[in-house]
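A note on names: the letters A, B, ... follow the listed sequences, proteins ahead of strands, and every chain is numbered from 1.
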There are 2 protein chains.
Amino acid sequence: MEAYFERLRSVYPLSAEGLDLLKSYMAKKHLSKGDFILRKDETCRHIYFVNKGFARIFYFKNGKEITEWFTPEKNFCFSITSYFEEKPSHLIIECLEDSEVIYLSKEGLDTLCKTHIEISNFFSKLISGALILSQKRMDSIQFETARQRYEKLLKTQPYILQKAPMQYLASFLGITPETLSRIRTQI
Amino acid sequence: MEAYFERLRSVYPLSAEGLDLLKSYMAKKHLSKGDFILRKDETCRHIYFVNKGFARIFYFKNGKEITEWFTPEKNFCFSITSYFEEKPSHLIIECLEDSEVIYLSKEGLDTLCKTHIEISNFFSKLISGALILSQKRMDSIQFETARQRYEKLLKTQPYILQKAPMQYLASFLGITPETLSRIRTQI
DNA sequence: TTTTACAATTGACAATTGTCAAAAAATGCA
DNA sequence: TGCATTTTTTGACAATTGTCAATTGTAAAA
């Protein structure tokens, strides 16, 4: 069995039948560094699983790129508002490395959720996980300094610091590249 | 039919049977101003619906109260991390007015979700709504100034400004009461 | 290798916000 | 009503961060 099936089961313990159902709505794509998983103004109709590689989620604010999140290997990503509200995405998801991405279609997932309670529960678990992440990140942004958040990143997700350019990290932390540079020299 | 049933159906169009199932796990409480819906270190075992009144969600950071969110009438609230991870809550939910609150038990909801696909879909819709809210608030916090957020609040939820004391609003906006006071004189 | 373009750092200065103290205003209670 | 308490506002100053410009470093292309 492929590794990402195990990852799906770590979200919610799906039966073999449940996995097969999901599988019928999944597609694997190989993308190169710089390719887009989700383009600007495209409606997000899939949940993406970065099986191999590394991606970043960003958008433009006053002509500048703002990095919102990174997606390391073996993690999910999607544009929350575009997906649920079925509107064009202001978020852009880009591969920072050559990547292998599994696309799970919203249409398929919605269909399965209507008829299969196991899939519906899987989906609940998936989005409640996203909700917890979102909540923790919000707390972090509002009530920690940029330095504290940088240090936390250094401890908990050092691979992000290794893979992502400073300018992306700076906008992710909500500060300018200059300020990040000064923080780094003082640690 | 009571008004909050209609509100539940605005989240997801439940059948009469579905509503009855939920109803059996709901309890109504009347609380006074200053009462707690959720105490510190208590595990959040319900989703709360503020049918009448007004509540705020806050926590302590370095001995100071930080307001995280307000819950106006006809809205839901709960501690996301405490509820899903079943851990003691660092968040406190307090009534800022005499309130009528509907408690929907996690235990009941979990039980129903296992066997009733309609309830499972209702729950998915409820938490995806929370996820969208969380996402939008995160964008707002990270990439708007305190003044922009104050002005947006003034436009979209003026009742919060009327009901909540300045000090709560300040910590909600992530600034000091002094800075909020100065912003207000300049608008 | 050299060139070129982009990324990261550094310095000087401006703008914003926080801190602390005090005054003014509002609120609750006897 | 009047007093006590709390909240909000104001002022002075310090600390932090942003902006802009210049410099250095790095990596891909010629």
Side-chain angles (χ1 to χ4, degrees), chain A residues 32-35 54-56 58 60-68 70 92 94-98 139-154 158-187, chain B residues 32-35 53-56 58 60-67 70 92 94-98 139-154 158-187:
Chain A
S32 301
K33 179 177 178 175
D35 284 351
F54 189 56
R56 73 158 175 147
F58 71 99
F60 284 93
K61 163 99 177 176
N62 301 329
K64 290 178 187 170
E65 293 185 3
I66 307 290
T67 296
E68 179 153 309
F70 295 98
I92 300 163
E94 175 197 19
C95 295
L96 296 184
E97 300 178 351
D98 293 355
D139 292 347
S140 166
I141 286 175
Q142 189 161 24
F143 303 115
E144 292 173 6
T145 63
R147 170 172 280 109
Q148 287 173 320
R149 279 185 287 136
Y150 178 79
E151 288 173 355
K152 184 188 279 183
L153 210 59
L154 201 62
Y159 48 90
I160 288 182
L161 299 188
Q162 287 159 13
K163 292 188 173 186
M166 285 300 112
Q167 51 180 344
Y168 297 170
L169 279 168
S171 69
F172 174 69
L173 293 170
I175 55 178
T176 60
E178 291 93 333
T179 301
L180 177 56
S181 174
R182 285 172 185 129
I183 285 174
R184 282 159 55 84
T185 61
Q186 290 167 26
I187 291 180
Chain B
S32 302
K33 179 177 177 174
D35 285 351
F54 189 55
R56 73 157 176 148
F58 71 100
F60 284 94
K61 164 98 177 176
N62 301 330
K64 289 178 187 172
E65 293 183 2
I66 306 291
T67 296
F70 295 97
I92 300 162
E94 175 197 20
C95 295
L96 296 184
E97 299 178 352
D98 292 356
D139 292 347
S140 168
I141 286 174
Q142 189 161 22
F143 302 116
E144 292 173 7
T145 63
R147 168 171 280 110
Q148 287 173 319
R149 279 185 286 135
Y150 178 79
E151 289 173 354
K152 184 188 277 184
L153 211 60
L154 200 62
Y159 49 88
I160 288 182
L161 299 189
Q162 287 158 15
K163 291 187 175 188
M166 285 301 109
Q167 51 179 341
Y168 297 170
L169 280 168
S171 70
F172 174 69
L173 293 170
I175 54 178
T176 61
E178 291 93 332
T179 301
L180 177 56
S181 174
R182 286 172 182 126
I183 286 174
R184 283 159 54 83
T185 61
Q186 290 166 24
I187 290 179

Base versus backbone protein contacts along nucleotides 11-28 of chain C [heavy-atom cut-off under 4.0 Å; B, S, -]:
BB----SSBBB-------
Give a yes or no on whether the backbone of B:T67 and the side-chain of B:S171 come within a donor-acceptor separation of less than 3.5 Å.
yes
Strictly below 4.0 Å: does B:R184 bring a side-chain N or O up to OP1 or OP2 of D:dT8?
no
Show the nearest heavy-atom pair for residues A:C95 and A:S32, with the distance to one decimal.
CB-O, 3.7 Å
Which atoms form the tightest heavy-atom contact between B:T185 and B:R182, and what is the distance?
OG1-O, 2.8 Å
Residue pair B:E94 / B:E65, side-chain heavy-atom distance below 4.5 Å
no
Go through the structure and list residues passing side chain to side chain donor-acceptor pair (under 3.5 Å) with A:K152, not counting sequence neighbours.
A:E144
Between its two end axes (five pairs each) the helix from C:dT1-D:dA30 to C:dA30-D:dT1 turns, nearest 10 degrees, through 40°
Could you report the tightest heavy-atom contact between A:F70 and A:A164, atom names first, then the distance?
CE2-CB, 3.5 Å
Partner set under side chain to side chain donor-acceptor pair (under 3.5 Å) for A:E97, not counting sequence neighbours
A:K163
All side chain to side chain contact (heavy atoms under 4.5 Å, CB included) counterparts of A:S181, not counting sequence neighbours
none
Could you pull out the closest heavy-atom pair between A:I66 and A:K61, with the gap in Å?
CG1-CB, 3.6 Å
Evaluate the side-chain proximity of A:R149 to A:F172: yes if any heavy-atom separation is below 4.5 Å, no if none is.
no
Mind listing the residues from residues 158-172 of chain B sitting with a heavy atom below 4.0 Å of DNA chain D? Number order is fine.
B:P165, B:M166, B:Q167
